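What follows is one structure encoded as structure tokens, with my remarks underneath.
Just so you know, these numbers come straight off a predicted model, no measurement behind them. Start at 1 and go down the list; that is how both ligands and their atoms are numbered.
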Amino acid sequence: MMLGMIAATAALGGLLFGYDTGVISGALLFLRVAFHLSALMQGVVTSIALAGATLGASVAGVLADRFGRRPILLVTAAIFVAGALVSAFAVNLPMLLAGRLLVGVGIGGASMLTPLYLAEIAPARQRGALVSFNQLALTLGILVSYLVGYVLAASGAWRWMLGLGAVPGVILGLGMLLLPETPRWLAGHGRTAAAEAALHRLGRGPHEIAPELAALRADLQAEAKARPENKLGHATARLPLIVGVGLAVFQQVTGINTVIYFAPQIFQASGLSSASAAILATAGIGVVNVAMTGVAIWLVDRVGRRVLLLAGLGGMTVSLCVLAGGFALGHGAMLGWVTAAGLAAYVGCFAIGLGPVFWLLISEIFPLAVRGRGMSQATIANWGANLVVALTFLDLVNVLGRSGVFLGYAILSVAALVFAWRLVPETKGRSLEEIERLWG
Ligand code: BGC
């Protein structure tokens with residue numbers, strides 16, 4: 001199999017993450033009727049998957065270090081498929097919640113393992129693009145889930161909406177049976193011959209394999225040497241940890257998933273009253289998300305991470321203020337248009353900056369010795385913050401109004417901008433070793 005096909009199969013992990021992130025928004029319109037859900041319970045149905053994801057992200061890293069990336073991705077896919085089927089066949093609320101929890105464990109694991117797998121199979125010069133490929137698959141998954149939601153909205157077939165997620169899960173699982181383990185994991189476990197064979201299967205030419213194996217061995221030696229003093233709490237790792245966890249939290253508390261999860265409801269509140277019109281408008285948001293992620297992939301190795309991050313955050317702040325103003329002052333058709341334009345601009349600005357750049361940076365900024373654990377901490381923080389935002393959004397809307405909530409996210413975007421301006425280093429074109437020295 002060629003590297004491109006292997007990467008595309010692995011990126012199905014991102015697709016699962018995205019599909020499930022998005023599908024709930026369309027399904028919720030029907031679930032709330034079918035299961036008589038209060039605002040709080042709608043939050044719980046959405047959020048229990050996030051709690052599961054936090055759990056999945058915290059165990060996946062440790063297990064993948066011990067047993068290999070490939071078997072744990074396989075298990076993750078199986079858990080996801082089981083969860084999708086349990087949710088789809090749910091006959092009561094506890095069963096629905098159990099299915100959503102399983103789905104969450106699956107996507108939490110995949111959210112961490114997919115970028116890790118991609119980073120470890122990529123040749124150094126293609127690593128940035130390949131890791132961001134995960135975010136592209138993620139946004140595609142969100143878009144597909146919206147389209148599925150739209151097509152099925154007329155019939156209210158929420159069981160199909162939730163169950164169809166099993167399809168990419170099955171493909172990922174089958175794909176993982178064929179895909180190689182990462183050379184880095186194999187070499188790290190003393191299986192040099194297998195690492196060499198894996199590099200071969202990843203399409204490296206005969207003259208590329210020996211230097212890559214040597215570099216891998218040198219990395220691993222440095223890692224072994226660094227380990228005793230290079231704990232996550234140690235000074236050299238403290239700053240990257242602050243940056244990784246800080247960006248993880250800011251990626252969520254600036255509100256992206258209130259749009260991804262609740263967009264149809266936001267559109268309905270702005271005057272698009274039919275469920276299918278609201279879901280179709282939401283699909284437009286999904287297209288913007290994919291397209292701008294594509295632009296980010298094209299730009300990220302040219303203009304660098306910082307420019308995208310800062311410009312994106314600036315744009316998010318402005319669009320959030322527009323949304324807050326719209327909901328405070330607008331009404332009728334005007335409010336509908338301002339909402340649509342504001343949401344599209346907001347998602348576009350997220351997709352060009354904080355969306356992909358966060359996941360890319362956490363695979364780059366940690367010193368080698370703590371990279372896995374650092375990435376895992378940042379991923380846990382990301383899902384935890386996601387959970388808090390999803391649980392509080394509908395209640396905050398009741399207390400502060402939509403306008404107040406969007407203003408709150410705007411203020412947090414300014415805080416994120418200052419944080420990124422002061423603390424995030426430019427990693428474009430630098431080797432991971434150079435990045436490590438940057439922190440000094
Ligand atoms: C975030 C997700 C979000 C998605 C939207 C990702 O980078 O981690 O929480 O749903 O972007 O495209």
Side-chain angles (χ1 to χ4, degrees), residues 11 13-26 46-47 49-54 56-57 103-104 107-116 118 131-146 165 244-263 282-297 300 305 308-309 312-313 316 343-363 375-376 378-391 393 409 412-413 416:
L15 196 86
L16 288 189
F17 176 176
Y19 182 82
D20 198 75
T21 297
V23 81
I24 197 64
S25 68
T46 304
S47 313
L50 305 178
T54 313
V103 160
I107 56 177
S111 72
M112 202 213 130
L113 294 172
T114 308
L116 181 64
L118 290 173
V131 174
S132 303
F133 199 54
N134 174 56
Q135 175 80 8
L136 190 67
L138 200 170
T139 56
L140 265 176
I142 294 176
L143 179 61
V144 169
S145 76
Y146 286 165
V245 170
L247 282 178
V249 172
F250 278 125
Q251 198 207 34
Q252 297 299 325
V253 298
T254 46
I256 184 64
N257 285 312
T258 65
V259 176
I260 305 288
Y261 302 146
F262 300 111
T282 304
I285 298 288
V287 171
V288 172
N289 197 9
V290 175
M292 293 305 275
T293 303
V295 175
I297 289 181
V300 74
R305 285 60 161 151
L308 291 183
L309 197 56
L313 280 165
M316 282 166 67
L343 287 180
Y346 166 74
V347 168
C349 293
F350 174 88
I352 208 165
L354 199 51
V357 173
F358 158 68
W359 292 105
L360 176 57
L361 278 172
I362 63 166
S363 76
M375 237 182 125
S376 168
T379 308
I380 294 168
N382 190 261
W383 284 109
N386 191 334
L387 174 62
V388 171
V389 173
L391 270 184
F393 176 67
Y409 296 146
L412 288 165
S413 300

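Near N382, meaning under 4.0 Å from any of its heavy atoms, are these atoms of ligand 1: 8 (O). Listed by atom number, the atoms of ligand 1 under 4.0 Å from G355 heavy atoms are 7 (O). Under a 4.0 Å criterion applied to the non-hydrogen atoms of T139, ligand 1 contributes the atoms 12 (O). Listed by atom number, the atoms of ligand 1 under 4.0 Å from N386 heavy atoms are 9 (O). Near I142, meaning under 4.0 Å from one of its heavy atoms, ligand 1 places the atoms 5 (C), 12 (O).
Ligand 1 has no nitrogen or oxygen under 3.5 angstrom from a nitrogen or oxygen of T21. By the 3.5 Å distance cut-off applied to N or O atoms, Q251 is counted among the residues near ligand 1.
Residues M292 and F350 have side chains not in contact (no heavy-atom distance under 4.5 Å, counting atoms from C-beta outward). Side chains of T379 and W359 form a contact here, defined as non-hydrogen atoms less than 4.5 Å apart. Inter-residue side-chain proximity for I260 and N289 is flagged as met; some heavy-atom pair is nearer than 4.5 Å. No side-chain heavy atom of L313 sits less than 4.5 Å from a side-chain heavy atom of F250. Side-chain contact check for L247 versus L309: some heavy-atom pair is nearer than 4.5 Å. Side-chain contact between I107 and W383: present, with at least one pair of heavy atoms (C-beta onward) separated by less than 4.5 Å.
Summarising the geometry of G384 relative to T54, their closest heavy-atom pair is N-OG1, 3.8 Å, with the distance given to 0.1 Å.
With a 4.0 Å cut-off on non-hydrogen atoms, N289 touches ligand 1 through its side chain and not its backbone. In W359, the part holding a heavy atom less than 4.0 Å from any atom of ligand 1 is the side chain. Counting heavy atoms closer than 4.0 Å to ligand 1, residue N257 contributes side-chain atoms (C-beta onward) but none from N, CA, C or O.
When I24, L391, N386, V389 are each tested for a side-chain contact (heavy atoms from CB on, under 4.5 Å) with S47, only one passes: L391.
Not a single heavy atom of F358 sits less than 4.0 Å from an atom of ligand 1.
Summary of contacts: the protein heavy atom closest to atom 4 (C) of ligand 1 is L138 CD2, 3.9 Å. Looking from atom 11 (O) of ligand 1 to the surrounding protein, the closest heavy atom is Q135 NE2, 3.2 Å.
In this structure, the side chain of T139 engages the main chain of L136 through a donor-acceptor pair within 3.5 Å.
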